[in-house]
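Only one structure is covered here, and it is reproduced in the block below.
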Protein chains: 4
Amino acid sequence: MRSEAARVAILQATASQLAARGWDQLTIEGIAAAAKVGKPTIYRWWPSKSALIADALGEGVLPVMAAPADSGDLRADLIAWLDPTLRLADDHDATALTRYLIAAAAEDAAVGERLDAANPATRLLAERLSQAQSRGELAASAPIELIGDAIIGAFVLRVLRRATYAPGDAAALVDTVLAAHVAPGAR
Amino acid sequence: MRSEAARVAILQATASQLAARGWDQLTIEGIAAAAKVGKPTIYRWWPSKSALIADALGEGVLPVMAAPADSGDLRADLIAWLDPTLRLADDHDATALTRYLIAAAAEDAAVGERLDAANPATRLLAERLSQAQSRGELAASAPIELIGDAIIGAFVLRVLRRATYAPGDAAALVDTVLAAHVAPGAR
Amino acid sequence: MRSEAARVAILQATASQLAARGWDQLTIEGIAAAAKVGKPTIYRWWPSKSALIADALGEGVLPVMAAPADSGDLRADLIAWLDPTLRLADDHDATALTRYLIAAAAEDAAVGERLDAANPATRLLAERLSQAQSRGELAASAPIELIGDAIIGAFVLRVLRRATYAPGDAAALVDTVLAAHVAPGAR
Amino acid sequence: MRSEAARVAILQATASQLAARGWDQLTIEGIAAAAKVGKPTIYRWWPSKSALIADALGEGVLPVMAAPADSGDLRADLIAWLDPTLRLADDHDATALTRYLIAAAAEDAAVGERLDAANPATRLLAERLSQAQSRGELAASAPIELIGDAIIGAFVLRVLRRATYAPGDAAALVDTVLAAHVAPGAR
DNA sequence: GATTAATCGAGACGGTACGTCCAGTCTTGGA
DNA sequence: TCCAAGACTGGACGTACCGTCTCGATTAATC
């Protein structure tokens, strides 16, 4: 019978080890030791490091990004949400976990899909956009998913590039991607 | 005196091993064997796997993406350039190298920077956009770099997500990102 | 729980590799391969090559020298035992293992002690001498250990020097060392 | 033309490195560095570590044992010479070089022969014995070489065994080996 | 006294083995 | 009965030396 306590301990250990040491340095042995569990217990239930991370993502053990606020002004909300995020990307330690997850996603399809499904950023952004759409703030024809991809993709790229932050970046990005779809009378 | 033959053989072996086995499975030992070189020769000159890849990128040993054509119609050119790329992203084998490079970039800052600098996609796209700008096809105020980030970032995200291709994706993405900046009379 | 099979295989591989290749050429890697064992298994239980040899000596895996016969005539028995041994010392291949063990003993105290304790030559010679002593063939005051050291030491020296054998050497050595201690009426 | 300065520096470095680190840890690279000489300069003139040591022995760069005194009383002289030597053998650091040379001799025939030829102990002991013989202190029939082998062999064995010193050992050994050959009226 | 050939130092090369870490499998003993 | 603990085979790690090889720089002997 599978021990729930062990399962949780393992996923939490996975998360903390990933945050602390990175994808490459993440070892099953280390996770087992941190979770006070035998290695075979891990191998019994998960086939690989990636599967562990995919599961840890699903479990919400890995940290979470806040949702954009909903003040009624989509543009302002998105900028307010994006700006500190881009600023944070300057700090390579703060984005370390992001990068580790990107690496994991690049290596393993399951992590990629799970990361996408579990990632609050993607989901919450989509929700905010579709809210705006239902209110008429955004054109009905606006391709919500693509807009999300463009914004988050640009963020990912900046993280990978270790880009430096400049004030106005967030506004420029939001405007670039959003401008074409703002409903005529919305402003 | 450093042996140029060894240097080239090592970088080429790095590229071919990376393409064949992926970032995680990439071993210095394997590279050394493939390059018919002693391990210490590699360690003498490169501190890590990442440094090898960064160098291989600089050397142009890793494959290259074509430039968008310049027919005079920016939108059409970008779509023609982007569409097959997105379609290709359906094929997980074809994008494997892309994903390996993303993983490497996520793990190592040097690779990230080099990948950005050496990546023809980023550069060529920027050139095409700035050409369009100088012709008045694109608004003078258009943030070329951000537009590039949004497009390529969306592509990266789809590769990570193993998204499936749908006809029209390329056009939608280009329109989303570009629409706000097309010069008034340009269409 | 330690694997007995692995332990024995490793000690036997050590012995055969030592005999075949010598102390200097003895590699842990080679032993591991010959014993079909992982290197870490060796390092888990033995800190060094020397410790392996010391253990192999204790296990009796390394070859053994016959005891001197006991015909009642000490001098004749010792000569009969020593003569073929000295003759053999002419053959550098036959004494190779002896030399390897000397080298190992010189490098490592544990091997030295174990070699002394496990070496049947020392022990059997001492037993034969003390038998002779209890029978009155040898003076009660005879320093058995020193006599043993002198005989075996001379042998070791000849092996190191790659001395050539001459008939009568054995008798001369036995007489030199023993004469002073033969009990007056024993002959 | 061969550089004499380099030759001497190399042999001295060999000697000091051997004394300092032992036979096993003796590296050509270390010798070259200590002698401020390129490795090929060593390989040009000596085929192996052993050859270096054999040469260093011939050069007298390696330390030397004193001759037994000649007071006219052979037994007393030998004991006086042997006793401090055996006592010294208790100190494992002091005998380290002896053991290293034994190891080298065991591994390499050339060193064995050279060690024997160059070793003052063997030679000086033989000289002292033959002096005693010519004076009639020792029987004309005494096998000088064997007596030497027995004494020095016993010493070597004690060094290998890391035996502890007991007062009287020297006297007992000398008596054991010598008693049979002291000329009747000599005492 | 200049030229030329040998030898020098330095150190990179292809390799082998080192001793370590971790992977993933298997076995055992205690809960 | 299940699981922690941990030993097992195996393979890659990054390092130390091996013995060989090119390099220029420096001598030493010949011309």
Side-chain angles (χ1 to χ4, degrees), chain A residues 1-7 9-10 21 24-33 35-49, chain B residues 1-7 9-10 21 24-33 35-49, chain C residues 1-7 9-10 21 24-33 35-49, chain D residues 1-7 9-10 21 24-33 35-49:
Chain A
M1 202 211 113
R2 179 167 183 177
S3 152
E4 180 63 13
R7 198 184 68 87
I10 289 166
R21 306 157 53 88
D24 251 24
Q25 308 293 333
L26 186 67
T27 69
I28 299 280
E29 205 142 282
I31 294 172
K36 306 218 164 191
V37 140
K39 270 198 291 175
T41 304
I42 297 183
Y43 283 108
R44 211 188 323 278
W45 303 109
W46 293 275
S48 65
K49 280 199 301 185
Chain B
M1 173 119 325
R2 180 163 184 179
S3 151
E4 180 63 13
R7 198 185 67 87
I10 289 167
R21 307 159 54 91
D24 251 25
Q25 307 293 332
L26 187 66
T27 69
I28 301 278
E29 205 140 285
I31 294 172
K36 306 216 165 192
V37 141
K39 267 199 292 177
T41 301
I42 297 184
Y43 284 107
R44 211 189 322 279
W45 302 109
W46 294 274
S48 65
K49 281 198 302 183
Chain C
M1 172 119 324
R2 180 163 183 180
S3 153
E4 180 63 12
R7 199 185 66 87
I10 290 166
R21 307 158 54 89
D24 251 24
Q25 307 293 331
L26 187 66
T27 69
I28 300 278
E29 202 139 289
I31 294 172
K36 304 213 166 195
V37 140
K39 268 197 291 175
T41 300
I42 298 183
Y43 284 108
R44 208 189 324 278
W45 302 110
W46 293 274
S48 64
K49 279 198 303 184
Chain D
M1 201 211 121
R2 179 165 182 177
S3 151
E4 180 64 12
R7 198 184 69 87
I10 289 166
R21 306 158 53 88
D24 251 26
Q25 308 293 332
L26 187 66
T27 68
I28 299 279
E29 205 141 285
I31 294 172
K36 305 217 166 193
V37 141
K39 272 198 291 177
T41 303
I42 298 184
Y43 284 106
R44 212 188 321 277
W45 302 110
W46 294 275
S48 65
K49 279 198 302 185

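None of the values given here were measured: they were computed from a predicted structure. Throughout, a chain's letter reflects where its sequence line sits, starting with A, and its residues are numbered from 1.
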Run the side-chain hydrogen bond (donor to acceptor under 3.5 Å, both in side chains) test against A:Gln25 and tell me which residues pass, sequence neighbours left out.
none
Protein-nucleotide distance ([X], atom [atom1]; [N], atom [atom2]), rounded to Å:
X	N	atom1	atom2	value
B:Asp24	E:dA23	CG	P	11 Å
B:Ile42	E:dC13	CD1	P	11 Å
B:Arg21	F:dG11	CZ	P	12 Å
A:Ile10	F:dA5	CD1	C1'	14 Å
B:Trp46	E:dA12	CH2	C1'	13 Å
D:Gln25	F:dT15	CD	C1'	14 Å
A:Arg44	F:dA4	CZ	C1'	10 Å

Lys/Arg cation over aromatic D:Trp45: D:Arg7, 6.0 Å, 45° cone
no
The residue, B:Arg7 or A:Gly30, whose nearest nucleotide of DNA chain E is more 5′ is B:Arg7
Which pair of non-hydrogen atoms, one from [X] and one from [Y], has the smallest distance, and what is that distance?
X	Y	value
A:Ala32	A:Gly38	CB-C, 4.3 Å
B:Ser3	B:Ala6	OG-N, 3.0 Å
B:Ile31	B:Ile10	CG2-O, 3.9 Å

Just call it for B:Thr27: base, sugar-phosphate, or nothing, with non-hydrogen atoms closer than 4.0 Å on any strand.
sugar-phosphate
F:dT9 phosphate, OP1 or OP2: any side-chain N/O from C:Thr41 under 4.0 angstrom?
yes
When you measure from the side-chain N and O atoms of B:Arg2 to the phosphate of E:dC13, is any distance below 4.0 Å, counting only OP1 and OP2?
no
Given F:dA4, E:dC13, E:dC8, identify the nucleotide with an atom nearest to the side chain of D:Trp45.
E:dC8
Could you list all N or O pairs between the protein and nucleotides 24-28 of chain E that sit under 3.5 Å apart?
| unit_1 | atom_1 | unit_2 | atom_2 | d |
| --- | --- | --- | --- | --- |
| E:dG24 | OP2 | A:Tyr43 | OH | 3.0 |
| E:dG24 | N7 | A:Lys39 | NZ | 3.0 |
| E:dG24 | O6 | A:Lys39 | NZ | 2.8 |

In chain order, what residues pass the salt bridge (Lys or Arg N to Asp or Glu O under 4.0 Å) check against D:Lys49, with sequence neighbours excluded?
none
Apply side chain to side chain contact (heavy atoms under 4.5 Å, CB included) to D:Trp46 and D:Ile28, showing your working.
CA-CA 10 Å; D:Trp46 294 275; D:Ile28 299 279; over 6 Å; no
